2 protein chains.
Amino acid sequence: MNTDMDRKRPKTYHHGDLRNALIQAGLEMLSESGAAALDLRKVARKAGVSHAAPYRHFADKQSLIAAINEEGFHRLAEQIQSTLREVTGDAVEQLYGIARAYVHFAQENPWLMREMFSGLTIEREAFPGLHQASKTVFMLYMEVIKRGQEQGSIIDVDPGALAGVLWSLLHGVAMLTIEHQMRPYTDGPGGADNVTRFAVQMLYEGLSHK
Amino acid sequence: MNTDMDRKRPKTYHHGDLRNALIQAGLEMLSESGAAALDLRKVARKAGVSHAAPYRHFADKQSLIAAINEEGFHRLAEQIQSTLREVTGDAVEQLYGIARAYVHFAQENPWLMREMFSGLTIEREAFPGLHQASKTVFMLYMEVIKRGQEQGSIIDVDPGALAGVLWSLLHGVAMLTIEHQMRPYTDGPGGADNVTRFAVQMLYEGLSHK
DNA sequence: ACCTGAACACCGTTCAAGT
DNA sequence: ACCTGAACACCGTTCAAGT
């Protein structure tokens with residue numbers, strides 16, 4: 001992200017890409033100090049500009065947060081895709097893989113994850129790009145479902161609906177885990193992984209007797 | 001909540017139970033105008049006291065929000081218990097009932113639900129009462145699971161772990177629904193109910209072939 | 001076009017003073 | 001014991017002025 005543009009320009013004023021620098025700075029502050037520390041003036045200072053400069057690139061604070069969240073969805077999608085590239089073949093194995101990827105992402109980026117899905121700080125409706133980015137994640141889940149159906153390992157039901165169920169389960173596990181609501185099950189190393197695997201297994205096999 | 005204490009006292013200063021009045025006022029502002037509108041000065045004004053008065057009852061704004069969230073968990077637990085009283089007998093039917101109750105509560109109290117689980121605005125660790133209140137909800141789910149196991153309709157696995165899976169699924173459905181992330185499935189009247197029923201059915205029957 | 005510095009309104013929090 | 005009113009620090013946002 002920090003290209004050599006910084007040096008090329010004889011420090012006219014500042015960045016070549018302040019917009020991106022602000023998103024980057026916000027992302028860092030979020031992961032380091034939490035949502036309360038994400039104030040516009042500090043983000044600007046961290047990016048090396050005055051507190052009014054961000055308004056050249058974002059209409060308001062909400063817009064910056066929306067951009068940060070969008071970047072979050074892109075990263076989440078990348079992490080899931082990376083897992084899909086590693087785990088090829090068996091769709092059910094892929095299911096476990098992307099489940100782990102989702103919960104891992106939440107554990108590694110709890111503040112970002114909270115912002116991405118909170119609906120508390122920004123009006124999601126006002127930022128269509130956000131919705132688009134989250135849809136990508138949904139699509140990845142649906143692809144795996146479809147592959148499982150083709151392979152005969154997943155029942156033949158509307159794959160979109162099934163993807164919704166899968167996503168809901170994983171989202172619940174992820175959020176309740178980072179809010180420490182699943183203790184003591186998620187305690188200890190690998191605890192969250194075990195809970196995730198168990199959850200997916202239960203969804204796959206069902207709670208009823210076979 | 002508004003007892004006759006208000007009238008008995010010759011308006012010395014104000015309330016007999018300002019603490020409760022503040023929680024009540026906050027709850028109303030939250031559901032009417034959202035999280036952004038929940039500022040301490042306005043809550044105080046709504047309760048009829050000066051902006052400094054709340055500090056006699058709450059250490060800071062976070063503490064008031066924690067109290068509001070706790071009340072939220074109590075109400076959620078009540079709603080679930082009410083459903084359990086209506087739907088007696090078959091544990092699997094109860095499962096569907098409490099699932100619907102959870103998602104309904106989220107739909108009727110989206111802002112409260114977001115606050116209750118966000119982890120964005122308050123440090124949950126600092127408020128043990130909150131954790132206790134949320135545990136009650138978990139316990140209700142576990143009871144139903146246990147009953148299902150006794151009736152032979154649910155497999156014999158650690159009921160706590162199963163309750164965690166069930167809660168995760170429902171929490172995911174609830175949150176993704178109120179953030180409009182499950183569209184178009186949740187659109188229209190009864191849409192969310194259908195999604196919820198479908199999700200529980202999938203968990204019960206499993207995604208694999210029988 | 002992009003950024004700065006001053007200015008404004010508003011909110012969380014504190015504290016001395018009132019009954 | 002409970003509440004008020006003034007005061008303070010800080011943040012989001014705006015705007016005229018600078019290059």
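Chain letters run A, B, ... following the sequence lines, proteins first, then strands; residues in each count from 1. Computed from a predicted model, the values in this text were never measured in an experiment.
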Should the ring pair A/Phe138 and A/Trp167 be called parallel, tilted or perpendicular, given that the plane angle runs from 0 to 90° and is split at 30 and 60?
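Tilted, since the angle between the ring planes falls between 30° and 60°.
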If only atom types and distance count, is the side chain of [X] paired as donor or acceptor with the main-chain N or O of [Y] below 3.5 Å?
X	Y	value
A/Gln62	A/Glu123	yes
A/Asp60	A/Ser63	yes
A/Glu115	A/Asn69	no
A/Ser31	A/Glu28	yes
A/Tyr185	A/Val195	no
A/Arg19	A/Arg56	no
B/Asn109	B/Phe105	yes

Which string of ( ) [ ] | and . matches DNA chain D, if you list each base 5' to 3' and count Watson-Crick or G-U pairs only when both distances are under 3.5 Å?
||.|||||...|||||.||
Starting at atom [atom1] of [X], determine the distance to atom [atom2] of [N], rounded to an integer number of angstrom.
X	N	atom1	atom2	answer
A/Arg45	D/dC10	CZ	C1'	11 Å
B/Asp60	C/dG12	CG	P	11 Å
B/His51	D/dA6	NE2	P	9 Å
A/Tyr55	D/dG12	OH	P	7 Å
B/Ile122	C/dG12	CD1	P	16 Å
A/Phe58	C/dC2	CZ	C1'	15 Å
B/Leu22	D/dC2	CG	P	13 Å

With a 4.0 Å cutoff (strictly under), does any side-chain N or O of A/His57 reach OP1 or OP2 of C/dC3?
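Answer is yes, contact under 4.0 Å.
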Compare side-chain N and O positions of B/Lys61 against OP1 and OP2 of C/dC11 and report whether any pair is under 4.0 Å apart.
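So the side-chain polar atoms of B/Lys61 never come under 4.0 Å of the phosphate oxygens OP1 or OP2 of C/dC11.
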Which residues in residues 26-39 of chain A have a heavy atom closer than 4.0 Å to any atom of DNA chain D?
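Under 4.0 Å from DNA chain D: A/Asp39.
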Return the 5'-most residue of the pair B/Arg41, A/Ala52 with respect to DNA chain D, ranking by each residue's nearest nucleotide.
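With B/Arg41 and A/Ala52 compared, the 5'-side residue is B/Arg41.
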DNA chain D: B/Arg56 or A/Lys42, which has the more 5' nearest nucleotide?
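Comparing both residues, the 5'-ward one is B/Arg56.
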A/Leu40, nearest nucleotide to its side chain (from C/dT13, D/dT4, D/dT13)
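From the listed options, D/dT13 comes nearest.
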Exercise: identify the closest heavy-atom pair between B/Ala199 and B/Val173
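Reported closest heavy-atom pair: CB-CG2, 4.0 Å.
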